Enquirer: 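This is the structure I want to talk about, given as structure tokens.
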Number of protein chains: 2
Amino acid sequence: MNMRSASTEDVTAAARIRDAAITRFGEHGYDGTSLRDIARDAGVSAALVMHHFGSKDGLRQACDEWLVAELMGEKAKSSAPAIADSLRGWLDSPEQFRPFIDYFATMLAAGGDGGNRLFDRLLRETAAMLDDGVANGTMQPSADPEMRAIMITLNGLAPLLLRDQLTRVLGSSIASVAGIRRMTVPTLELYTHGLYTDSSVLDAARIALEGTVETGGTLRSDKGPGNPNQDPDPPRSVLDHSP
Amino acid sequence: MNMRSASTEDVTAAARIRDAAITRFGEHGYDGTSLRDIARDAGVSAALVMHHFGSKDGLRQACDEWLVAELMGEKAKSSAPAIADSLRGWLDSPEQFRPFIDYFATMLAAGGDGGNRLFDRLLRETAAMLDDGVANGTMQPSADPEMRAIMITLNGLAPLLLRDQLTRVLGSSIASVAGIRRMTVPTLELYTHGLYTDSSVLDAARIALEGTVETGGTLRSDKGPGNPNQDPDPPRSVLDHSP
DNA sequence: CACTCGACTGAACAACTGTTTAGCATCATG
DNA sequence: CATGATGCTAAACAGTTGTTCAGTCGAGTG
């Protein structure tokens with residue numbers, strides 16, 4: 001686990017600028033940060049930022065690339081998942097790596113080349129992990145493995161993107177190890193026993209989806225307004241579109 | 001299901017300004033949008049925006065409150081979950097409600113009073129749904145119901161916050177009904193059968209967490225560097241902190 | 001009618017934005 | 001020594017920002 005840049009300090013002005021930019025971009029966003037803010041944090045003039053990075057967007061790209069390299073750094077190490085491991089390393093001492101976590105989250109949410117590359121890599125790692133698990137017999141197969149990998153990747157990133165809400169509803173605790181750790185059991189419960197006690201909801205959704213055609217328009221398995229056989233309104237997750 | 005403001009047009013200048021602001025804030029963010037942009041979209045002068053909303057931040061608050069009211073509108077209707085239903089309504093025709101979806105996502109991610117209220121409400125709805133399910137016998141109990149409700153709420157919101165990444169990896173399809181609908185089966189698979197075929201990972205995590213004390217510092221169930229009984233390295237989700 | 005009040009505007013304001021320019025040290029190399 | 005990079009800065013530039021102000025228009029009211 002490498003935590004260079006956070007302990008071994010790179011003291012060149014360019015590095016200080018980059019670090020200050022990552023912190024401020026992660027905290028206040030790209031548009032919410034001015035070059036002069038960054039320069040002040042780094043103890044340099046605004047002109048030097050231009051000198052080293054060409055433009056504000058150039059600085060952003062440099063930050064993106066630095067963070068991508070930091071997260072994918074252990075590429076040499078066989079074919080083991082790299083990003084997920086690096087992320088777990090960060091989350092083991094969240095207070096120390098908070099700036100990187102913040103910037104990583106904004107990168108993913110904002111899109112852009114760096115964020116896209118990170119997401120793709122993360123998705124590929126997840127998909128590979130799932131494929132291995134299915135081959136192993138340790139994981140359930142899926143009717144739509146690609147989409148399942150996407151959903152599980154999204155689920156894994158959700159606490160990162162909504163870390164402020166998470167911190168708030170958890171009281172004061174999170175961005176701390178204890179808070180993050182508390183997510184382990186409920187997550188593994190879900191991934192082990194699921195949520196429902198039987199497969200009726202899944203079965204119902206499968207049957208309903210069979211009758212629909214993918215037209216791209218509004219496709220619903222409309223039972224008709226007068227049909228008494230309407231949905232028994234099972235508890236559903238927000239984005240669950242089972243009819 | 002009410003879709004007023006999107007079909008029944010409120011043509012007053014203030015409403016046009018508000019709609020334009022929601023669209024632009026959702027698309028380019030608060031800092032990335034100028035009052036003159038909004039005014040141009042609404043066909044008015046920038047000064048009128050100030051006249052009606054006092055300041056740019058006042059406009060934001062008005063947008064927040066309008067969207068909160070829109071999402072919680074059906075409060076009168078018994079105690080049935082309201083926000084989740086409204087959201088599902090939006091997601092049934094995502095192209096029509098895209099501006100609201102975008103703004104909703106940025107509200108949640110940015111925090112602020114409106115976003116917090118929405119998240120809290122959503123969390124309460126989810127927790128209630130889970131409690132009902134457990135009481136019903138249709139859902140599994142949890143060792144940490146509060147945290148489980150949080151995690152499931154986060155999971156439900158993830159596709160909203162990362163909708164751009166979702167759109168990208170799914171090809172061109174999403175923000176369409178078909179794309180969203182494709183998430184149904186993998187999600188319900190996970191919620192029905194879980195991911196793992198047995199409970200070994202969960203069991204291992206439980207045992208390991210028993211031995212840790214919540215000090216607030218770095219708490220790990222360190223088996224010692226020479227101990228051969230180390231983690232068998234099971235496949236783990238990104239944020240899964242099972243040791 | 002006069003008078004008020006709200007919706008609305010163009011023009012201006014000061015502050016801030018990213019960027020440019022000219023120039024100052026420093027230091028290695030010929 | 002001169003030469004030329006290199007790291008760095010103060011000052012200025014042009015454009016945009018949120019906001020203010022004075023004032024126009026029209027509808028309603030006494």
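The sequence lines fix the lettering, A, B, ..., with proteins before strands; numbering per chain opens at 1. These numbers were taken from a predicted model, which means no experiment stands behind them.
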Enquirer: By ring-ring contact (aromatic ring centres under 6.0 Å, His included), which residues pair with Phe104(A), not counting sequence neighbours?
Expert: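 With sequence neighbours excluded, Phe104(A) shows a ring-ring contact (aromatic ring centres under 6.0 Å, His included) to no residue whatsoever.
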
Enquirer: Hey, which sits more toward the 5' end of DNA chain D by its nearest nucleotide, Asp37(B) or Ser45(A)?
Expert: Ser45(A)

Enquirer: Going by the rule ring-ring contact (aromatic ring centres under 6.0 Å, His included), which residues pair with Tyr103(B) if we only count those two or more places apart in sequence or in a different chain?
Expert: none

Enquirer: Does anything in residues 48-60 of chain A come within less than 4.0 Å of DNA chain D? Heavy atoms only, and list the residues if so.
Expert: Leu48(A), His51(A), His52(A)

Enquirer: Could you list where the contact with chain A starts and ends along DNA chain C, reading 5' to 3', using a 4.0 Å heavy-atom cut-off?
Expert: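 Going 5' to 3' along DNA chain C, contacts run dT17(C) to dT20(C).
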
Enquirer: Please state how far atom CZ in Arg40(B) lies from atom P in dG18(D), giving the value in whole angstrom units.
Expert: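 Value for this atom pair: 12 Å.
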
Enquirer: Taking CD1 from Ile38(B) and C1' from dT19(D), how many angstroms apart are they, rounded to a whole number?
Expert: 14 Å

Enquirer: Can you measure from CE (Met72(A)) to CG (Leu118(A)) and round to the nearest 0.5 angstrom?
Expert: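 Answer for the CE-CG pair, Met72(A) versus Leu118(A), is 5.0 Å.
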
Enquirer: Who passes ring-ring contact (aromatic ring centres under 6.0 Å, His included) against Phe53(B), sequence neighbours left out?
Expert: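 Partners of Phe53(B) under the ring-ring contact (aromatic ring centres under 6.0 Å, His included) test: none.
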
Enquirer: Hey, can you pull the donor-acceptor pairs under 3.5 Å for the side chains in residues 39-50 of chain A, sequence neighbours left out?
Expert:
| residue | atom | partner | partner atom | Å |
| --- | --- | --- | --- | --- |
| Asp41(A) | OD1 | Arg24(A) | NH1 | 3.0 |
| Asp41(A) | OD2 | Arg24(A) | NH1 | 2.6 |
| Ser45(A) | OG | Leu48(A) | N | 3.3 |

Enquirer: In terms of side-chain geometry, is the basic nitrogen of Arg182(B) or Glu146(A) positioned less than 4.0 Å from the acidic oxygen of its partner?
Expert: yes

Enquirer: Could you pull out the protein-nucleic contacts involving nucleotides 11-13 of chain D (nitrogen or oxygen on both sides, under 3.5 Å)?
Expert:
| residue | atom | partner | partner atom | Å |
| --- | --- | --- | --- | --- |
| dA12(D) | N6 | Arg36(A) | NH2 | 3.4 |

Enquirer: Send over the distance from Arg18(A) CZ to dG7(D) P, rounded to a whole Å.
Expert: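 Going from CZ in Arg18(A) over to P in dG7(D) covers 15 Å.
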
Enquirer: What's Ala13(B) touching, base or sugar-phosphate or nothing? Going by heavy atoms closer than 4.0 Å.
Expert: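 The answer is sugar-phosphate, as Ala13(B) gets under 4.0 Å only of primed atoms, P, OP1 or OP2.
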
Enquirer: Can you name the residues that form a side chain to side chain donor-acceptor pair (under 3.5 Å) with Ser55(B), not counting sequence neighbours?
Expert: none

Enquirer: Run the side chain to side chain contact (heavy atoms under 4.5 Å, CB included) test against Glu27(A) and tell me which residues pass, sequence neighbours left out.
Expert: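 Residues passing side chain to side chain contact (heavy atoms under 4.5 Å, CB included) with Glu27(A): Thr23(A).
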
Enquirer: With sequence neighbours left out, what residues match Asp164(B) under side chain to side chain donor-acceptor pair (under 3.5 Å)?
Expert: none

Enquirer: Using the side chain to side chain contact (heavy atoms under 4.5 Å, CB included) criterion, which residues pair with Asp113(B)? Sequence neighbours excluded.
Expert: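 Testing Asp113(B) for side chain to side chain contact (heavy atoms under 4.5 Å, CB included), a comparison that skips the adjacent residues, returns Arg117(B).
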
Enquirer: Strictly by salt bridge (Lys or Arg N to Asp or Glu O under 4.0 Å), give each pair with a member in residues 148-162 of chain A just once, sequence neighbours left out.
Expert: none

Enquirer: Please tell me which of Gly43(B) and Leu35(A) maps to the more 5' nucleotide of DNA chain C, matching each residue to the nucleotide holding its nearest heavy atom.
Expert: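 Nearest nucleotide further toward 5': that of Gly43(B).
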
